[in-house]
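When a residue number appears, it is its place in the shown sequence, counting from 1. Whatever order the structure lists ligands and atoms in, that order sets their numbers, starting from 1.
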Amino acid sequence: MGNPITELRRRTISAQVKRAVDQAPVFDIHTHLYEPAFGELLLWGIDELLVYHYMVAEVLRQSDLSYPKFWALSKPQQAGLIWEKLFIEHSPVSEACRGVITTLNRLGLDVKRRDLRAVRKWFAAQKPAAHVTRVMETANVHRICMTNSPFDEVERPVWERGFDRDKRFVAGSRIDPLLLDWPAASKKLSAWGYKVARNVNDRTISEVRRFLDDWSAKIDARYLMVSLPPDFAFPAKNDGVRILEGAVLPHCRDSGRPFAMMPGVRRAVNPLLLMAGDGMGRCDLRAYENLLAAHPENRFLMTVLARENQHELCVLARKFRNLHIFGCWWFTNVPSVIEEMTRMRMELLGLGFTPQHSDARVMDQLIYKWDHSRAIISRVLADKYCDLAESGWEVTPPEIKRDVSDLLGGAFERFCKG
Ligand code: FIX
Ligand code: ZN
């Protein structure tokens, strides 16, 4: 019947795990943050925290302001309205709202005063470079992977000009238009001097390949990534799949870069909400099973948006060692679902996955996203160690440290190296 452990032993294990998880620096493998050289693209501060698109979706349910009138407000006005509606008129219990409170509290601000003016004054006195360091230290994040799109007109010139890289940041190459909107992407590639045609012929494929080789080298991309709609199908005869198989996967394979797929997003379900208007849908993961089986020489990363797909995704990762699953993405990044997913992944995959990424868009969000996730990861891991203790296996402190470091970036780095 196993060896039931005492409450004291359970508490000791939990405390050891919590300490290890709190002390281990994180490699945050998917964010929308930028290194300081990108200037205005690097978002930080209270107004940015308040106008985060998660919060916009929530405020427009609480306020009767029309969508266009909301968008006509200035950023400080939008932030002020969000503060009033979501923090003052109601308690900020949603995950996104609670995140702002955790963040301010950990930065040493007195949230109990509910004084937006004082919070703004504190942020106004911060300098961006020092603030980035302070936030990363507070969140205990040592490396950040950005989302870098060659198709972004503001970002691209910064790479073209060149700058001294900040070693704490690494690049991730985002190629959605290439696979999802070839007519638009082909115009851009032509303008940049690649001899591509609207019609995806052999010459076009080799020019896309040349473009990817150039761009990945320029930004030193850790991996390439795409988000995909629920109806993505493979095999299929369309421009996207032709480019994927003809150019993207060969580029990834030959340059040793994983390809990250993020299935399940339905863009602009409510276009009036702008960036807050994306929705989600359940996927047929059979398409991904086919892709993984057809390309064993490629390494894939995956995070899936629908809660309903999570169990299937774990089974897929058991079947294909060229797949590493990561993070609780977007609508799954709420405590109840993170806990369920992390438990399920650990039970099916052991420690061979990366439980979380932050998806932070505002630097300060690193603090709450990691605080909240660390608490859950600790709880789940401690439970597993307690179960093991009841089965007669005691983990040692160095083993705990090793396991935690794998979960917070180590397993990902190993997978990327191949
Ligand atoms: O596609 C993505 O990488 C998504 O994470 C974003 O587009 C989304 O807007 C987001 O911020 C989710 O957390
Ligand atoms: Zn993202």
Using every non-hydrogen atom in the two residues, find where M344 and C314 come nearest and quote the distance to one decimal. SD-SG, 4.2 Å

Step through it carefully: locate the ring centre of H295, locate the ring centre of F300, and say whether they are under 6.0 Å apart. no

Using a strict cut-off of less than 4.0 Å between a Lys/Arg side-chain nitrogen and an Asp/Glu carboxylate oxygen, indicate whether E155 and R174 qualify as a salt bridge. no

Below 4.0 angstrom, N of the basic side chain to O of the carboxylate: do E312 and R286 qualify? no

Take V135 and I367, measure what side chain to side chain contact (heavy atoms under 4.5 Å, CB included) needs, and give me the verdict at the end. CA-CA 7 Å; V135 167; I367 297 175; 3.9 Å; yes

Any donor-acceptor pair under 3.5 Å from R222 side chain to V170 backbone: no

Which N, O or S atom of D359 lies nearest to the Zn ion (ligand 2), by name: OD1

Among the N, O or S atoms of H32, the one nearest the Zn ion (ligand 2): NE2

With sequence neighbours excluded, what pairs up with F163 under the ring pair (Phe, Tyr, Trp, His ring centres under 6.0 Å) test? F38, W159

Could you tell me, for ligand 1, which of its N or O atoms are under 3.5 Å from any protein N or O, listing the pairs and their distances rounded to 0.1 Å?
| unit_1 | atom_1 | unit_2 | atom_2 | d |
| --- | --- | --- | --- | --- |
| ligand 1 | 1 (O) | R174 | NH2 | 2.7 |
| ligand 1 | 1 (O) | R267 | NH2 | 2.9 |
| ligand 1 | 3 (O) | H30 | NE2 | 3.2 |
| ligand 1 | 3 (O) | H32 | NE2 | 3.1 |
| ligand 1 | 3 (O) | R174 | NH1 | 2.9 |
| ligand 1 | 3 (O) | R174 | NH2 | 3.4 |
| ligand 1 | 5 (O) | H32 | NE2 | 3.3 |
| ligand 1 | 5 (O) | W329 | NE1 | 2.9 |
| ligand 1 | 5 (O) | D359 | OD1 | 2.9 |
| ligand 1 | 5 (O) | D359 | OD2 | 3.1 |
| ligand 1 | 7 (O) | R267 | NH1 | 3.4 |
| ligand 1 | 7 (O) | R361 | NH2 | 3.2 |
| ligand 1 | 9 (O) | H53 | NE2 | 3.0 |
| ligand 1 | 9 (O) | R361 | NH2 | 3.1 |
| ligand 1 | 11 (O) | H53 | NE2 | 3.0 |
| ligand 1 | 11 (O) | R361 | NE | 2.8 |
| ligand 1 | 11 (O) | R361 | NH2 | 3.3 |
| ligand 1 | 13 (O) | Y54 | OH | 2.5 |

